[in-house]
Protein chains: 2
Amino acid sequence: MRILVVEDDRILGEAISQRIGRMGHGLDLAQTGNQANQMLGVQEYDLILLDLNLPDMTGNQILQNLRKKQSNTPVIILTARDEIKDRIELLDLGADDYMAKPVDFGELEARCRALLRRSQGQAQNTIEYGNVCLDLQACTVTVAGVLIELKQREFRLLEVFIGHTGRVLSKETLIEHIYNFNENPNPSVIEIYVARLRKSLQDSDIHIRTIRGLGYLLEKHHD
Amino acid sequence: MRILVVEDDRILGEAISQRIGRMGHGLDLAQTGNQANQMLGVQEYDLILLDLNLPDMTGNQILQNLRKKQSNTPVIILTARDEIKDRIELLDLGADDYMAKPVDFGELEARCRALLRRSQGQAQNTIEYGNVCLDLQACTVTVAGVLIELKQREFRLLEVFIGHTGRVLSKETLIEHIYNFNENPNPSVIEIYVARLRKSLQDSDIHIRTIRGLGYLLEKHHD
DNA sequence: CCCATGTCATGCGTATTTTAGTGGTCGAAG
DNA sequence: CTTCGACCACTAAAATACGCATGACATGGG
């Protein structure tokens with residue numbers, strides 16, 4: 001999962017980044033509205049943490065901008081202001097949640113988990129597809145109830161696949177979801193991880209179909 | 001949209017119901033945990049407002065119960081307690097949001113709207129023409145509901161045809177649409193792909209008519 | 001320093017795309 | 001009505017791009 005943190009306060013931004021980073025997600029930090037908009041133009045995110053008070057524009061504008069593009073990435077607002085009116089407006093604008101500063105990191109993590117879960121169309125902390133079950137918190141995977149070992153990257157890849165079932169995912173798209181902005185690996189690394197994932201999933205009833213020239217597609221097995 | 005309100009306090013429950021009802025949604029009110037579980041067994045809801053302190057069981061149990069059934073209906077918790085710990089647990093249990101009592105009705109409405117929007121927002125990106133249906137995300141095509149296999153180029157070509165129904169498309173135009181600027185294939189490749197597409201579409205109710213000297217035209221079949 | 005993990009480079013096999021070539025069809029002009 | 005030329009359909013085979021396996025090379029934490 002790939003998360004954008006928009007926060008001008010360097011200290012707070014870094015603190016959040018660290019915390020989120022430890023959850024094992026790809027993460028970008030924008031310190032101005034402009035920067036944020038640029039990044040949003042280039043990259044699709046799975047979650048956005050948005051500070052309202054930015055030096056160059058209000059979080060409001062960023063949010064409007066985002067929704068205008070038909071994006072439905074979940075957004076959590078961070079705000080020092082606690083006037084209910086504003087919050088309502090933001091929720092109506094398309095924010096999904098908000099938190100008042102000072103931020104309680106534990107709660108922030110929980111809310112991130114809840115929203116990420118929802119945007120994947122699941123309301124549980126484990127995602128199941130076929131006989132494969134991901135535990136997002138423990139970062140473990142079971143196939144038919146048997147625990148299997150996945151490396152971090154493999155796990156994240158599988159997470160993206162299961163979160164986008166029914167969609168063909170190109171190597172580029174997959175890279176965007178499991179790498180940071182400043183990382184530019186060769187798209188062929190995806191081939192490697194797909195290969196490893198396939199090996200790990202060979203006893204499961206799902207498999208990754210390659211669609212030549214387009215990407216990969218997660219499917220249930222039907223022999 | 002159909003909403004379940006679980007709230008034992010009669011006054012508050014009615015107030016919420018009225019308010020939500022005015023948003024134009026169908027609504028049921030449960031005053032006990034048992035009642036709630038019963039209703040959840042019979043009816044599928046699009047959103048649940050759940051009071052934590054019920055006479056016969058905790059909201060917790062209802063939530064667990066719900067998630068055990070693989071339901072991913074969004075849930076908003078209503079709670080008088082405002083200890084952060086509890087809230088985190090609930091979010092982790094699969095709640096999507098919470099509000100502290102006393103409830104601000106404006107805010108409640110806004111949150112409901114946000115969650116409903118999100119759960120609806122999984123619109124499918126498909127184009128239909130006749131009995132042919134393109135899924136742009138999965139890059140798949142069905143004819144009369146049956147999945148057919150198309151190569152990448154064939155798919156793109158069909159996409160262009162369906163996106164320009166009622167227009168005669170010259171080979172040159174088609175090439176411009178499915179090739180990059182720097183690629184300059186022989187215009188006759190289009191003939192090949194049209195031939196292959198025709199073969200794939202022979203069981204459909206659309207066909208590609210040749211207009212000699214001008215190009216091709218996608219039409220619905222009428223024998 | 002060593003091991004675990006992640007990334008990259010090479011070469012091979014195959015699926016897809018493109019070209020080439022042959023024969024067929026259409027339509028206009030004689 | 002016939003004939004001619006241009007355009008189109010179709011097959012087979014060549015060329016290419018793509019994906020995969022393997023192993024070598026980085027990197028970073030213990």
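Chain letters run A, B, ... following the sequence lines, proteins first, then strands; residues in each count from 1.
- A:Arg67 is linked by a salt bridge (Lys or Arg N to Asp or Glu O under 4.0 Å) to A:Asp96, counting only residues two or more places apart in sequence or in another chain.
- Counting only residues at least two apart or on different chains, no salt bridge (Lys or Arg N to Asp or Glu O under 4.0 Å) pair has a member in residues 138-147 of chain A.
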(message) Strictly under 4.0 angstrom, non-hydrogen atoms only: write out the protein contact profile of nucleotides 24-30 of chain C, one letter per nucleotide from the 5' end, B, S or -.
(response) -BB----
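- Annotation: salt bridge (Lys or Arg N to Asp or Glu O under 4.0 Å) contacts of A:Glu191 (sequence neighbours excluded): A:Lys171.
- Of the candidates D:dC8, C:dT17, D:dG19, D:dG19 carries the atom nearest the A:Lys171 side chain, counting heavy atoms from C-beta on.
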(request) Could you encode protein contacts along nucleotides 20-30 of chain D as a string, one character per nucleotide from 5' to 3', using B for base contact, S for sugar-phosphate-only contact and - for no contact, with a heavy-atom cut-off of under 4.0 Å? (result) BSB--------
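- For the helix from C:dC1-D:dG30 to C:dG30-D:dC1, the rotation axes defined at the first and last 5 base pairs enclose an angle of 30°, given to the nearest 10°.
- With sequence neighbours excluded, the residues satisfying side chain to side chain contact (heavy atoms under 4.5 Å, CB included) with A:Ile192 are A:Arg196.
- For A:Phe161 against A:Leu217, the heavy-atom pair with the smallest separation is CE2-N, 4.4 Å.
- Listed by chain and number, the residues in a side-chain hydrogen bond (donor to acceptor under 3.5 Å, both in side chains) with B:Arg2 are B:Asp28 (sequence neighbours excluded).
- Considering only residues two or more places apart in sequence or on other chains, B:Leu147 meets the side chain to side chain contact (heavy atoms under 4.5 Å, CB included) condition with B:Thr140, B:Thr142.
- Every residue two or more places apart in sequence or in another chain that forms a salt bridge (Lys or Arg N to Asp or Glu O under 4.0 Å) with B:Arg209 is listed here: B:Glu219.
- Legend: residues meeting salt bridge (Lys or Arg N to Asp or Glu O under 4.0 Å) with A:Glu109, ordered by chain and number and at least two apart, are A:Arg19, A:Arg113.
- Shown here are the side-chain hydrogen bond (donor to acceptor under 3.5 Å, both in side chains) partners of B:Ser188, two or more places apart in sequence or in another chain: B:Asn186.
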